[in-house]
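Single-structure report; data block below.
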Amino acid sequence: MNGAEAMVKCLEAEGVTKIFGIPGVAIAPFYDALYDAPSIEHILVRQEQAAGHEASGYARVSRKTAVCVTSSGPGATNLITALATAYADSIPIVAITGQVNSALLGRDVFQEADMRGATESFVKYSYLVKNADDIPRIFKEAFYIASTGRKGPVLIDIPCDVQSAELKREFSYPEEVNLRGYKPNTKVNAQQLAKVVTAINKAKKPLICVGGGVILGNGEELVRAFCEKNQIPLVHTMMGMGVLPKAHPLYFGMLGNNGKPYANRAVANSDLLIVVGARIADRAVPKPENLEKQVNIIHIDIDSAEIGKNLGPTIPLVADVRLVFQALLDSDIHLDTSAWLEQLEQIKHSTVDHRKFSDALVNPMTLVQHLSEKMDDDAIYIADVGQNQLWSADNYIMKNGRFLTTGGMGTMGYSIPAAIGAKLVDPSRQVVAVCGDGDFQMSMFELGTIAVNRIPVKILVMRNTYLGLVREHQEKKYHKRYSGVELHKYPHYDKLAEAYDMDYFYADSNETLDGELDRFLACPGACIMVCEIDSANNTN
Amino acid sequence: MKGIFSVLVENKDGVLSGISGLFARRGYNIDSLAVGETERKDVSSMTIVSTGDQRTIDQIEKHLNKKVDVIKVRRLDEPRCVELETMLIKVSYSQTNRSSLIEICSVMGAKIRHVSPKNMVILITDEPDTINEFIELVRSFGILELQRTGVIAMSKG
Ligand SMILES: Cc1ncc(C[n+]2csc(CCOP(=O)(O)OP(=O)(O)O)c2C)c(N)n1
Ligand SMILES: [Mg+2]
């Protein structure tokens, strides 16, 4: 057995059934071995960044580690943005990149790129494989590291000659890893738990704030049960969308500048904030140092380095979110939050949202609300980046589906490839990518992948003919000196849809919106819908 | 404040650049960094000295711990650890001040490793503060070259 065959065997042992990539000479032995592996389907993408984002969408929906593959040099460097995006959002991915022959390493030969060095700050860990016999151990470790503790991408850079080399030992996939430097702590420390329980019992106005970590840790149900059992209201960050449906009585909206003003007021009025799996980065809480003066904070996270990074003195609890909330559900907590919930209702109804949207063309708020309301109960909504992302996050009506977006990096062009990955997990689930006209053009090459593989994703483009979010910034900060932000009306989306055998829908008014949305959502195949948005619309 | 970290790491390539990259990326100071082998072939030891506020020093420890190739991180407190550094220093002398330089060396426990007609290479291993003192003592002679290894440290007991 050679290295490439061993790589395939490892993927099979990990239960991998789909991988996303583009071959090249430096990864050719692996692709040759793939030829004989019917259980692994390879999705040929049109640009490597999409392979990474597709793996991300696949990982987030399947809740398993996903795999992408590239060749060396430019193929591998094209992947870096996707790795950085996955790293910022803690998405478990194993990225395999081909490399020039090991004897040539360090000589700047054709298509050599130092991928370990280049990705040092964008991956959780990386390997340069020097010996084919190390392949089983390295793959086992890579999948383990990617999927445990705080999840994230792991890179395996593997020279071409190592892929072709015969293994000296018989192939056997290890049962366990032996990493003395990596032992993520997941267990709940009883002493810290007791402090948390005491703080909760003392609180009159507790509020729970969930971030993406709750979803990555599969903690939604337990957190929801905890909220309901103790009648604790919930707010969330953009990445933490999806623990409570919008209609839930304990749901109080998304935090932050672009969230609900009443959610921010809820935080300011609480006396105990329970932060779970959230980084509390600048977008969610602009001045965390003010927050800690007002309220007591419990900070629950799997990553101890998050404790104290942005938030000040807290009661920290570093453990797996499921174990924490199982323990909290079993703890003696007695709270009466009825007065607090009443106050919050009042806050909710008395907070005026000053944001106004233009009803010329399609109102973006109406668009997101109607779209998400009409989508299937368990549908997946993938928001791209820009004004459209903020409109999506703010107005999305959560039912029992998923809301996916890139919160950490804000990488334009994420939604279309992520939608492809998401759709491939479960073709029966409705998947809609919602993007701006700038975003679309950063990933429109993937229409090729969609067409060839007949992947019935839906793409909704909010066309405001601008890089809207940057335009908004220039309007407010630079006295409307619009510089390099105009996209005009290109491309002709109808022709593009036709070119890729996709159906096409279009709305340029609130009146025609609903009917077109219905047809768009009912369409069985891949389709594009364009909604014209007045470029005068801002996010706040 | 000062943070002294004694860090055991996997002895493989890329580990040192990973650690120094962590400091550079997150804007942490490295006052000194000393790396060497340990009694185990596959384990290296690093002593890293940094300065920053309490929060920064805590963050450094956590981020070091997060590194897969970091086996163990120990934070050393100054009074409860042995902290030593070695310096080579080339000092010029003349016939008139030669004996006073030799005297300073002998009082401070420094060794003269090489003597040429106009300068001496002196070796001293001691606590960083003592080394600083020594530098001040010989400064007026004329320092031609100076090299410090960075601190290595070990907890007492
Ligand atoms: C890859 C990448 N490049 C640049 C940016 C900076 N940026 C943030 S939003 C934005 C504009 C997005 O335009 P569009 O997709 O049309 O969305 P809109 O804001 O108009 O809704 C840009 C350029 C980014 N986030 N990602
Ligand atoms: Mg736009």
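Proteins come first, then strands; the chains are lettered A, B, ... in the order of their sequence lines, and each starts at number 1. What you are looking at is a predicted structure, and each value in this text was computed from that prediction instead of being measured. Atom set for the values below is all heavy atoms of this structure, side chains included, hydrogens, waters and symmetry mates excluded.
- In Arg74(B), the CZ atom is not crowded: 12 or fewer heavy atoms of neighbouring residues, nucleotides or ligands sit closer than 6.0 Å.
- Atom NZ of Lys183(A) has more than 12 neighbouring heavy atoms from other residues, nucleotides or ligands inside a 6.0 Å radius.
- In this structure, the side chains of Lys130(A) and Asp13(B) come closer than 4.5 Å at one or more pairs of heavy atoms.
- More than 12 heavy atoms of other shown residues, nucleotides or ligands fall within 6.0 angstrom of atom CD in Glu136(B).
- Annotation for Arg137(A): atom CZ counts as buried by contact number, over 12 foreign heavy atoms lying within 6.0 Å.
- Counted within 6.0 Å of NZ on Lys111(B), heavy atoms from surrounding residues, nucleotides or ligands total 12 or fewer; the atom is thus considered open.
- Considering only residues two or more places apart in sequence or on other chains, Asp69(B) meets the side-chain contact (heavy atoms from CB on, under 4.5 Å) condition with Tyr125(A), Glu10(B), Lys12(B), Val15(B).
- When heavy atoms are compared at a cutoff of 4.5 Å, Val68(B) approaches chain A by way of both its backbone and its side chain.
- Closest non-hydrogen pair, Ala305(A) versus Lys66(B), comes out as CB-CD, 3.8 Å.
- In this structure, the portions of Arg180(A) lying under 4.5 Å from any heavy atom of chain B include both its backbone and its side chain.
- Within a 6.0 Å sphere centred on CD1 of Ile138(A), heavy atoms belonging to other residues, nucleotides or ligands number more than 12.
- When the heavy atoms of residues 28-54 of chain B are compared with those of chain A, the residues falling under 4.5 Å are Arg40(B), Asp42(B), Val43(B), listed by number.
- Atom OG of residue Ser17(B) and atom CZ of residue Arg116(A) lie 7.5 Å apart, to the nearest 0.5 angstrom.
- Remark: the backbone N or O of Gly308(A) is paired with a side-chain donor or acceptor of Arg55(B) at under 3.5 angstrom.
- Applying the 6.0 Å contact sphere to CZ of Arg25(B) captures more than 12 heavy atoms from other residues, nucleotides or ligands.
- The distance from atom CD1 of Ile71(B) to atom CG of Leu179(A), rounded to the nearest 0.5 Å, is 10.5 Å.
- Looking at Lys62(B), its side chain does come within 3.5 Å of a backbone N or O of Ile307(A) through a donor-acceptor pair.
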